[in-house]
Amino acid sequence: MTDLPMTVRADGLPSAVTIYEVGPRDGLQNEQAIVPVEVKAEFVRRLVAAGLPVVEATSFVHPRWVPQLADAAELMADLGEAGRHLPVLVPNERGLDRALELGLEHIAIFGSATETFAAKNLNRTFDEQFAMFGPTVARARAAGMDVRAYVSMCFGDPWEGAVPIEQVVTAGTRLLDLGASQLSLGDTIGVATAGHVKALVAAFADAGVGTDRLAMHFHDTYGQALANTFSALQAGITTFDASAGGLGGCPYARSATGNLATEDLVWMLTGLGVDHGVDLDAVVETSVWMAGRLGRPSPSAVVRALGAAAAPR
């Protein structure tokens with residue numbers, strides 16, 4: 001499609017990063033119109049074929065809370081053996097039971113850095129959430145599963161405002177101490193800025209948590225996602241969550257808009273000479289295809305720029 005952008009290597013950046021694709025789960029969970037399971041399965045397959053090393057497929061959440069993902073078991077069955085290697089979000093032990101029944105290998109749990117969001121999203125207090133997650137993580141690890149932990153509202157909360165950095169570190173380290181292998185720090189409402197990102201990474205380092213155990217999950221509400229990503233790269237972060245086409249939001253936080261678009265992230269990394277292993281043209285084509293099924297254009301700037309040449313199939 002294009003041989004741009006030109007690569008100009010910046011000093012002090014990692015040589016390679018992992019893009020953790022969340023489009024099929026975090027990207028679609030807030031869609032009001034139910035996306036057919038066969039479309040979701042094709043979406044996942046296209047993303048995997050585009051070279052994305054990790055694709056989070058769905059969530060075993062109760063359908064009353066997230067109706068879009070009520071077909072999680074059907075989706076994973078459709079994906080077959082390949083689906084066993086894809087991570088899924090589980091909110092509790094019931095969700096874990098469903099993942100174990102299907103023989104899945106990777107799960108994620110979703111915690112909160114604030115009291116209010118823990119109550120609204122988990123129906124638990126800040127402290128109670130860790131007691132809830134403990135048995136889930138212990139059982140998953142005993143079964144040989146890998147466990148990732150998300151922590152939301154790391155940079156700001158729509159009800160509580162600014163979130164103290166030390167509070168985020170407390171939440172994150174408690175999730176890691178339960179047995180999670182990686183912690184994804186979520187800018188759920190998109191209010192992070194570049195300096196704040198570096199300060200949070202440094203605070204985790206002071207608490208003994210290195211960048212090898214951290215990932216960043218940015219939302220682009222205020223147009224800061226790429227700036228924040230560059231700041232995190234400078235701080236040594238090598239795993240970034242992104243959503244194809246910039247899809248997404250949070251059903252429990254109205255001010256949370258779309259995720260960092262995978263295409264926008266890939267474009268920037270390519271220009272910086274940071275290896276990512278993703279076929280940009282294939283992801284753009286996939287996002288154009290999915291936008292056609294959702295009935296609206298992609299919010300990704302790179303998809304808008306390149307999408308006219310990506311004829312959907």
Side-chain angles (χ1 to χ4, degrees), residues 5 8 10 12-14 17-23 26-27 29-30 112-114 117 150-165 167-169 171-172 183-205 211 214-272 274 276 278 280 283 287 297-305:
V8 180
L13 301 184
V17 302
T18 297
I19 299 177
Y20 192 106
E21 174 63 46
V22 298
D26 197 22
Q29 69 177 2
N30 213 31
S112 173
T114 67
F117 194 64
Y150 289 96
V151 59
S152 58
M153 303 298 173
C154 291
F155 297 89
D157 179 292
W159 301 279
E160 298 184 18
V163 180
I165 286 177
Q167 185 172 312
V168 178
V169 173
L183 182 71
S184 175
L185 302 174
D187 182 20
T188 315
I189 58 173
V191 295
T193 54
H196 194 171
V197 170
K198 285 188 176 179
L200 185 58
V201 174
F204 270 100
T211 54
L214 298 177
M216 287 292 174
H217 185 112
F218 294 122
H219 284 235
D220 208 30
T221 314
Y222 293 88
Q224 301 298 298
L226 284 177
N228 292 332
T229 298
F230 187 74
S231 180
L233 281 167
Q234 291 178 314
I237 298 295
T238 57
T239 300
F240 293 90
D241 299 357
S243 175
L247 295 174
C250 175
Y252 301 100
R254 292 183 181 276
S255 51
T257 57
N259 291 282
L260 168 62
T262 304
E263 296 86 354
D264 297 4
L265 174 59
V266 168
W267 180 274
M268 186 180 79
L269 293 173
T270 300
L272 291 170
V274 177
H276 48 73
V278 178
L280 177 60
V283 182
S287 291
S298 166
S300 162
V302 170
V303 173
R304 291 197 303 270

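Leu272 and Leu233 get closest at one heavy-atom pair: CD1-CD1, 4.1 Å. In terms of heavy-atom proximity, Gly186 sits nearest to Phe155 at O-CD1, 4.1 Å. Minimum heavy-atom separation, Ala225 to Leu260: CB-CD1, 3.9 Å. Among all heavy-atom pairs drawn from Val168 and Ala113, the shortest one is CG2-CB, 4.1 Å. Here the closest heavy-atom approach between residue Gly23 and residue Ser243 is recorded as CA-OG, 3.3 Å. Ala261 and Ala242 get closest at one heavy-atom pair: C-CB, 4.3 Å.
The CG atom of Asn259 lies 9.0 Å from the CD atom of Glu21; values are rounded to the nearest 0.5 Å. To the nearest 0.5 Å, atoms CG (Leu200) and OG (Ser231) are separated by 10.5 Å. For the atom pair OG1 (Thr270) and CD (Glu263), the distance works out to 11.5 Å, reported to the nearest 0.5 Å. Tyr222 contributes atom OH, which lies 13.0 Å from atom CG of Asn228 (distance to the nearest 0.5 angstrom). One finds the CG atom of Asp264 at 14.0 Å from the CZ atom of Phe218 (value rounded to the nearest 0.5 Å). For the atom pair OG1 of Thr114 and CD of Glu160, the computed distance is 4.5 Å after rounding to the nearest 0.5 Å.
Under the 4.5 Å side-chain criterion, counting only non-hydrogen atoms from C-beta, Asp26 is in contact with His219. A 4.5 Å side-chain heavy-atom check between Val163 and Cys154 finds every atom pair outside the cut-off. Looking at heavy atoms from C-beta onward, Met153 lies in side-chain contact with Pro158 at the 4.5 angstrom threshold. At a threshold of 4.5 Å between non-hydrogen side-chain atoms, the residues Leu185 and His217 do not count as touching.
In the model, Asp187 has no side-chain atom that pairs as donor or acceptor with a side-chain atom of His196 under 3.5 Å.
Just one of Thr262, Leu269, Thr229, Ile19 meets the side chain to side chain contact (heavy atoms under 4.5 Å, CB included) condition when paired with Phe240; it is Thr229.
The side-chain contact (heavy atoms from CB on, under 4.5 Å) test applied to Ala215 returns Arg148, Gln182, Ser184, Thr239, Asp241, not counting sequence neighbours.
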